[in-house]
There are 2 protein chains.
Amino acid sequence: MKIGELSKKSGCSIQTIRYYEREGLLLNPNRSEGNFRLYDSKALKQLEFVKHCRSLDISLNDIKRLIELKNKPEESCSSVNALIDQQLALVNKRMKELRALKAELQQMASACGSNNTIEACGIIKSLDS
Amino acid sequence: MKIGELSKKSGCSIQTIRYYEREGLLLNPNRSEGNFRLYDSKALKQLEFVKHCRSLDISLNDIKRLIELKNKPEESCSSVNALIDQQLALVNKRMKELRALKAELQQMASACGSNNTIEACGIIKSLDS
DNA sequence: ATTTGATTCTATAGTTACTATAGAGTCTGT
DNA sequence: ACAGACTCTATAGTAACTATAGAATCAAAT
C-alpha cells in the first residue's frame, strides 16, 4: 500500500508518517518505480506500536529505545519496566501540578462575580499579588 | 537595576526576560549609556504578573490579552472571567487525559514481573496489541 | 592606566512533536 | 492527451523557552 492508505489505516497523518521515518522510528520502506513509498502490514504494525506508545505520551526518543529493545528478544526486560515506571512517575508529577493549578484557578474564579469593572476584578487582583 | 538583578529578583532567566520583551509582554525598558537595559520596581511587578500567569499555565498570548485588559480598568471584567474559565476547562481536560493514561500505564506495569526476557515481557505485549 | 573578570548586548540556532506549504513529479481514469 | 488525485522533497512554522557565539561594556584590582 501507499502512504495515503497507511495513513488512513493507522490514523496518523501522511506528514507524521514521513516524520517518524526521518526520525528512525519506522524502517525505510521500499519504493515504487516512481519513488512512492510502499508499505506492508508489518509496517502498519510498527506504526501502530509507535502510535500506542505516543498515546501513553512516551517520547519519541524513548519509543526508539523500546523498538531497539524489542529487537533483542532474549535480553532482560528490566529496562522496559524502568521506562514505564519513569513514565508513570512523570504522569504522577504532572497530575500533582495540575491539581494545584486547578485549585488556584477555582479560587480565582470564585473571587470575581463577573460583573465587575476590571479595576475591581478579584481575578486581576489575585494575579497581581 | 540591570537585567541580572531583575532576573534574580523575579526568578526568570535573563533570556526569558529578553524573550518576553520581544514578545511584547514587557515594556521596552530604558537603556543606559552603554545600551544596558534599566528596570524599575514597576517592571519587576509586570514581570511577576507574567510569571504568576505562567505558573497557571496561561499562554503568552492570553497573558498579553490580560495585560491589555488591565490597561482598561473601567471596562467589564467578563472577558477575564471567561479566560480563567477556559483555562480551568483546559486543566480539567488534561487531568482527565492523565487519569486514563495513568490507568493504562499502571496496568502495563503490573503485566510484567520485571524478570522476564523481552520476548515474554507483558509490557511489550500490551504495547504490541 | 591597564587588565581581568563579570555582565550585558544582538542575532541565531536548538528543543519537541508535529503541521503546513511550495513546487515538482507520478499515477489513474476518461 | 489531459484533468485531478496522489506523492515526492525541502523548508518553514508552532510554543515557550534555552543555549550559543562573538562583540561590547563595566567595575575592581594592579
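In what follows, chains are A, B, ... by sequence order, proteins preceding strands, each numbered from 1.
- Straight-line distance from the NZ atom of B/Lys51 to the C1' atom of D/dA16: 15 Å, rounded to whole Å.
- With B/Gln87 contributing its side chain and B/Asp57 its backbone, the two residues share a donor-acceptor pair below 3.5 Å.
- One atom, CG of A/Asn61, and another, C1' of C/dC18, lie 15 Å apart when rounded to the nearest Å.
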task: Take nucleotides 4-13 of chain D nucleotide by nucleotide from the 5' end and write B, S or -, depending on whether a protein heavy atom sits under 4.0 Å from the base, only from the sugar-phosphate, or from neither.
output: ---SBB----

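- Closest contact between the side chain of B/Leu60 and the listed nucleotides C/dC18, D/dA19, D/dC17 involves D/dC17.
- In this structure, the side chains of A/Leu127 and B/Cys53 come closer than 4.5 Å at one or more pairs of heavy atoms.
- Of all nucleotides listed (D/dT18, D/dA16, D/dC26), D/dT18 comes nearest to the side chain of B/Ser13.
- For A/Lys2 (side chain) and A/Phe36 (main-chain N/O), no donor-acceptor pair under 3.5 Å exists by modelled atom type.
- For A/Glu119, the CD atom sits in a loose shell: 12 or fewer heavy atoms of surrounding residues, nucleotides or ligands are nearer than 6.0 Å.
- Between B/Glu33 atom CD and D/dA24 atom C1' there is a gap of 14 Å when expressed in whole angstrom units.
- Not one side-chain nitrogen or oxygen of A/Tyr19 sits closer than 4.0 Å to the OP1 or OP2 atom of C/dT16.
- Partner B/Ile118 forms a side chain to side chain contact (heavy atoms under 4.5 Å, CB included) with one of A/Ser78, A/Ser79, A/Cys77 and no other, that one being A/Cys77.
- Residue A/Tyr20 has a polar side-chain atom (N or O) positioned under 4.0 Å from OP1 or OP2 of C/dC18.
- Here the P atom of nucleotide D/dT18 and the CD atom of B/Glu21 are 16 Å apart, to the nearest Å.
- B/Met95 is listed as a side-chain neighbour of B/Val91, based on a closest heavy-atom distance under 4.5 Å.
- The nearest whole Å value for the distance from the CG atom in B/Asn28 to the C1' atom in C/dT10 is 14 Å.
- The number of heavy-atom neighbours closer than 6.0 Å to CD of A/Gln106, taken from other residues, nucleotides and ligands shown, is above 12.
- Between A/Thr16 and C/dT19 there is a side-chain polar atom (N or O) within less than 4.0 angstrom of OP1 or OP2.
- Applying the 6.0 Å contact sphere to CD of A/Glu75 captures more than 12 heavy atoms from other residues, nucleotides or ligands.
- One finds no salt bridge joining B/Asp128 and B/Lys125 here, because no Lys/Arg side-chain nitrogen approaches an Asp/Glu carboxylate oxygen to under 4.0 Å.
- Rounded to whole Å, the distance from CZ on B/Arg54 to C1' on D/dT18 is 14 Å.
- With axes fitted over five pairs at each extremity, the angle between the ends of the helix from C/dA1-D/dT30 to C/dT30-D/dA1 is 30° (10° resolution).
- Atom CG in A/Leu90 sits roughly 14 Å away from atom C1' in C/dT16 (whole-Å rounding).
- Between A/Met1 atom CE and C/dC27 atom C1' the separation is 19 Å, expressed in whole Å.
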